[in-house]
Amino acid sequence: MCGIAGIVKLNNSKVDYNQLRIFTDSIAHRGPDGFGYELLDEERIGFGHRRLSILDLTEAGKQPMYSNDNNLCITYNGEIYNFIEIRDELSHLGYQFKTQTDTEVILAAFKKWGEACLDKFNGMFAIAIYDAQNKSLFIARDRFGVKPFYYLYIPDQLFAFASETIAFKNLEGYRRELNEDVFKIALHQPEIIEGTSFTIYKNIYQLRPGHFLKIKNRSLEIKRWWMTQTNNLNIPASFKEQTEHFKQLFIDSCKLRLRSDVPIATALSGGLDSSSVYATLLNILNSTTIERTNSNNQKAFVAVFPNSKVDERKYAESLIQQLNGNAVYIEPNYSNLTQEIIQSTKLFDGLIGTPISAITAIYKAMKDNGITVSLDGHGVDEMLYGYNSYINMNFHHYIATGNKIQALSHAKILGGLNSPNNQSYFDKLVNNSMQSNLKTLVKKYVRPYKRTPISYFHGSNNFVDKVNEQVLSEILNELNICSHELPGEEYLYSDFHSITLPINLRDFDRASMQSGIEIRMPFMDYRLVNFVFNLPVEAKYGNGFTKLILREAMKGILPEDIRTRTHKIGIAAPLLEWFNKEIKEFVLDEVHSNTFINSQLWNGKNAAENLNKELKNGELTMSKCSKYWSLINANLILKN
């Protein structure tokens, strides 16, 4: 994993080497171990690279890298986990390799199979390859957008790309400006734009997940190369067979992601997902020989927030003790908390509902302990009903259709999740509703969950003016959605591919790369994702549990108290506690600053008055804090 950058002059002018270096080095935090800059196509194209050394730590792994015949040149961010298998296949076809990198494997695969090589890659990647013979540029992003790719496009003048939007502040000939229409939409709901091509800046776009881009003769072409919905599988008939197949896919995914020449650790919360990764990692290391791995791969890093509602230390400690693991516990540094929040927010260069410093602290601690790679548990919630909203949708669907048995089954699950209500509340709702008029229920419950693009947008920040409906429509039209009888299934698919997961991937990529840490995600293996999205609903939740097939697969690997835990917290800043104590002074200073009060993008005066009142009266909630933080976050970016 690294930081990549590139400049393409579409008007036949030349790229300035020094400007290419400045542009690339603005994201040096992503690659502290090395750098490289190359001018191509008679200096009309420039490739830059900041290296985070993980495979082949020698100078042979340096990028930009050329193919054996010097026709192809690549700058690349990511990991191809099955590079050994692809390398062996190409070796049998006569290709001779000079390095031990996956980068050279990509070059050889592209030379052999062209754009079809993407189908062979099991990994996360943002790839740019220049073909000197065809005078063309090929760019591709992985299936689910684990690795970021941003680009600037001004027709007939300039195309430039980078791993982070902050780099474009340092691009000669371009003055970065806010796209106010998109920015307002993001202030209402930051995640709504992350799975689309839009960003909060003018003329800066994202290459969407599962897409590739070509530039030849000044023209730009973008195509989709992957769509989960179209990849149908033959699923085993019995739940036992499904579970066994899921288990084997997950174990193999973990094995592939243990390939590394540097130490690997795990970011552990104590919840089911990250605990499954850590327990499986230890199980593999204690029973299997892994080709190409480091011996120091057994530490877990746990973010703890003492005396707050988001602290999960007791769960993590229980897991570590039962597995005989090794953990490092990270507490917030309150003596320097405000400065860390400001610094990490400005470098983050995007909108998020909670200070990113809560996440960055984990990966900074890893770097301080000599770790370079983290195996994390992202992706499960959006595949296997990890959020109670999905269950709630199906719960109301079964009430509305008069299916009392299914409704009561869902009531049991909702009662066990992190909910303000217990099971008796949901049972009562079912019994009372079954006595009501069915037509009224259909109108009340089914319509709100009827699939329409606008149903994904929740304009919940009342301090921000009404958004531009045309721009909102353009954004919503790019959402990757599918249809299903159950609303929960529909929203799972869209959240995984377009909304919730993309913003989580962005947040953790930026948080980890601020300290030069690569995150690998075993649950994001495309084989596993494809399998899960072809499973029947009954394999995903039931018997009082969400993530049913994962829990079943973890029998004998994960301690029972963790395997059957239903209460969900997740890694997040204890914003309510911080607003009332540790960062109260900073928050009040920000909301009463001139830039905040006089903003044309939100009603700063109204927001400041409301916050004063709610702090004074003890009326703040976590959701209210998140709303205020979005505005403070925005204010810090605009002052940057």
Mark yes when over 12 heavy atoms from residues, nucleotides or ligands other than K624 sit less than 6.0 Å from its NZ; otherwise mark no.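 Enclosed: over 12 neighbouring heavy atoms sit under 6.0 Å from NZ of K624.
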With a cut-off of 6.0 Å (strictly less than), are more than 12 heavy atoms of other residues, nucleotides or ligands near CG of N543? no
Do the side chain of [X] and the main chain of [Y] share a donor and acceptor less than 3.5 angstrom apart?
X	Y	value
S357	I341	no
N231	N530	no
E382	T500	no
Q189	H458	yes
D142	F125	yes
N326	Q298	no
R563	R551	yes
T196	I193	yes
S630	S626	yes
N633	W629	no

Is R259 salt-bridged to E79, cutoff N-O under 4.0 Å? no
Candidate pair T199 and V182, rule side-chain contact (heavy atoms from CB on, under 4.5 Å), full reasoning: CA-CA 7 Å; T199 74; V182 178; over 6 Å; no
Using the ring-ring contact (aromatic ring centres under 6.0 Å, His included) rule, take F533 and H497 through it: C-alpha gap first, then chi angles, then the decisive distance, then the call. CA-CA 11 Å; F533 277 108; H497 294 91; 5.4 Å; yes
Go through the structure and list residues passing side-chain hydrogen bond (donor to acceptor under 3.5 Å, both in side chains) with [X], not counting sequence neighbours.
X	answer
E619	K613
E478	S197
K584	none
R141	none

Sorted by first residue and then second, give each side-chain hydrogen bond (donor to acceptor under 3.5 Å, both in side chains) pair with at least one member in residues 274-283; sequence neighbours left out.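 side-chain hydrogen bond (donor to acceptor under 3.5 Å, both in side chains) check on residues 274-283 returns S269-S274.
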To the nearest 0.5 Å, how far apart are OH in Y81 and CG in L256? 9.5 Å
Rounded to the nearest 0.5 Å, the OG atom of S623 sits from the NZ atom of K627 at a distance of 7.0 Å
Residue pairs involving [range] (criterion salt bridge (Lys or Arg N to Asp or Glu O under 4.0 Å); sequence neighbours excluded):
range	answer
residues 272-286	D273-K547
residues 316-328	R313-E317
residues 353-364	K364-D368
residues 186-199	E194-R506

Taking it one step at a time, do S374 and D376 satisfy side chain to side chain donor-acceptor pair (under 3.5 Å)? CA-CA 6 Å; S374 180; D376 291 6; 2.5 Å; yes
Report, one line per pair, each donor and acceptor closer than 3.5 Å where one atom sits in a side chain of residues 243-251; sequence neighbours left out.
| residue | atom | partner | partner atom | Å |
| --- | --- | --- | --- | --- |
| T243 | OG1 | F239 | O | 2.8 |
| E244 | OE2 | Q248 | NE2 | 2.9 |

Any donor-acceptor pair under 3.5 Å linking the side-chain atoms of E489 with those of Y385?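 E489 and Y385 do have a side-chain donor-acceptor pair below 3.5 Å.
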Could you check whether any side-chain heavy atom of F523 comes within less than 4.5 Å of a side-chain heavy atom of L550, counting everything from C-beta outward?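 Touching, per the 4.5 Å side-chain cut-off.
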Going through the checks in order, is the side chain to side chain donor-acceptor pair (under 3.5 Å) test met by S318 and Q322? CA-CA 6 Å; S318 173; Q322 293 181 73; 2.9 Å; yes
Can you name the residues that form a ring-ring contact (aromatic ring centres under 6.0 Å, His included) with F348, not counting sequence neighbours? none
Can you sort out the partners of Y363 under ring-ring contact (aromatic ring centres under 6.0 Å, His included), two or more places apart, ordered by chain and number? none
Testing the basics here: between R224 and P209, what is the closest heavy-atom pair and its distance to 0.1 Å?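 Of all heavy-atom pairs spanning R224 and P209, the closest is NH1-O, 4.5 Å.
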Can you spot which of F395, Y541, F545 makes a ring-ring contact (aromatic ring centres under 6.0 Å, His included) with H410? Y541
